[in-house]
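Step one of this worksheet: look at the structure below.
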Amino acid sequence: MSIPSPVSHVQAEALAAGVLPPVEEVRPGIWTVAVPFRGGVPDATLAYVVAGSDRALAVIDPGWDEDGSLGALTAGFRVIGRRLEDVTLVAVTHLHADHLGAAAELRRRSGAPVAMHAAEVRALDDERADAEQNDRDIRTWGIPAGLLDGVLAAWGSGRRIGLGAAEPPFADLVLEDGTLLPIPGRTIRTLWTPGHTAGHVCFVDEPDGLLFTGDHVLPRINSGVGLGGRTATNPLRDSLGSLAALDAFAELEVCPGHEYRFRDVVSRARAVTAHREERTRHVAAALDALDRPTLFEVASRVPFSGGIESMTGYLLASALSQTALHADLLGRAGEIRPA
């Protein structure tokens, strides 16, 4: 799969060395601040600080500071000569704790409103009811008995999609596709990109030549889909449409939620699309070869990294869930036998 070269060499070098990258000024008045995350991603979350013409600051994806100290953000603000109290907007690409988690504490410190897509608010509101329905689904997947409890804990009634880091009101400003962020002197537009989660958004800053992609497109990682609660549509199909929508932004530099900044978002999006299409072909081949298989039996024939036999808990649940999404995309979900 095509891996784009970094625009930010210091971010790429820090990633390779397993250390936090330094604060960088991406454009005049726009900086990256790396915020460490305790697990789930192999690097830091890249928070973006944007100064308006009134010198007030917006933060895109503040990350998560588990102890509530906001130490990494505070240190980053000190480098740029500002304070957390200067923040007047917290804009979030999606509901995962490594992006949204620090928002509530930052709101307390600064009084800044939190902006997020309506679908993310609904997912957080519904997460307990969704988790109970997930329990019922999981028990039909044909998971070996020794692995079932771990999947239920990670994906069913034990799951918290925001890891308990979000606090109501989850959003003070509800974003829709096309919403302009209220940052004086900046024109940063919301682009709804469902797939990873139902309400995932990117932020398009065409005057500065930047595209803030959250987890929609990363330089090396193929972000999972359907990781934000139950949806009425197939998140895999949604994701493919959201990847195609990036064709309009080929000239913009990509500011992702993790790893490092890069260019040529179209090539990267097409590589991710090709990977997902290949996975769909593997699921189709498994369904062709098996007679009324369980979901676990289908997934066992899909060449996931490391093989499904090496997976437990969240990774296994995600692999099985995404196998079901591929089967649905093929129109062949009815060929899978409930266990």
Side-chain angles (χ1 to χ4, degrees), residues 1-17 21-34 41-50 60-61 91-94 96 98-99 177-178 181 186-197 200-225 227 235-281 305:
M1 177 175 289
S2 173
I3 302 297
S5 298
V7 168
S8 173
H9 293 286
V10 296
Q11 287 178 342
E13 290 164 3
L15 181 63
V23 174
E24 269 194 290
E25 190 167 21
V26 180
R27 297 288 189 275
I30 301 177
W31 299 266
T32 59
V33 176
V41 291
D43 66 323
T45 298
L46 298 177
Y48 296 90
V49 181
V50 181
I60 296 173
D61 284 354
V92 182
T93 60
H94 64 293
H96 289 154
D98 55 323
H99 296 259
D177 191 47
L181 295 184
R186 302 279 183 185
T187 303
I188 301 179
R189 177 168 54 88
T190 302
L191 176 69
W192 182 37
T193 50
H196 183 61
T197 65
H200 190 290
V201 298
C202 297
F203 296 112
V204 182
D205 181 358
E206 290 183 290
D208 290 304
L210 300 175
L211 177 65
F212 302 93
T213 60
D215 282 356
H216 180 43
V217 177
L218 301 171
R220 304 185 313 163
I221 297 169
N222 299 317
S223 296
V225 298
L227 304 182
L236 176 59
R237 181 178 287 107
D238 294 340
S239 174
L240 293 172
S242 297
L243 289 166
L246 298 181
D247 284 359
F249 308 107
E251 302 305 316
L252 302 187
E253 179 180 323
V254 182
C255 295
H258 306 285
E259 302 185 315
Y260 54 76
R261 300 195 316 280
F262 64 96
R263 289 193 179 276
D264 194 0
V265 71
V266 173
S267 291
R268 180 58 185 154
R270 289 176 180 170
V272 175
T273 296
H275 170 75
R276 291 183 179 156
E277 290 172 343
E278 181 182 25
R279 184 64 48 81
T280 299
R281 289 192 293 271
S305 179

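Hydrogens, waters and symmetry mates play no part in the numbers below; they use all other heavy atoms, side chains included.
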If you look at every heavy atom in [X] and [Y], which pair is closest and at what distance?
X	Y	result
Val266	Leu246	CG2-O, 3.7 Å
Pro256	Leu218	CB-CD2, 3.8 Å
Pro4	Pro219	CD-O, 3.1 Å

Given 3.5 Å as the limit, does a donor-acceptor pair link the side chain of [X] with the main chain of [Y], or not?
X	Y	answer
Asp61	Thr45	no
Thr273	Ala269	yes
Gln11	Arg261	yes
Glu253	Val7	no
His96	Asp215	no
Glu206	Leu210	no

Practice prompt. Test side-chain contact (heavy atoms from CB on, under 4.5 Å) on Leu236 and Arg276 and set out the steps.
Written response: CA-CA 8 Å; Leu236 176 59; Arg276 291 183 179 156; 4.0 Å; yes
Practice prompt. Report yes if the side chains of Asp205 and Phe212 come closer than 4.5 Å at any heavy-atom pair, otherwise no.
Written response: yes
Item to complete: State, with a plain yes or no, whether a side-chain heavy atom of Cys255 is found less than 4.5 Å away from one of Leu46.
Response: no
Discussion item. Is it true that, when you exclude Trp31 itself, more than 12 heavy atoms of the residues, nucleotides or ligands shown sit nearer than 6.0 Å to its CH2?
Written reply: yes
Discussion item. If you count heavy atoms of other groups shown closer than 6.0 angstrom to CD of Glu25, is the number above 12?
Written reply: yes
Worksheet, complete the sentence: In His200, His216, His258, the residue satisfying ring pair (Phe, Tyr, Trp, His ring centres under 6.0 Å) with His99 is His258
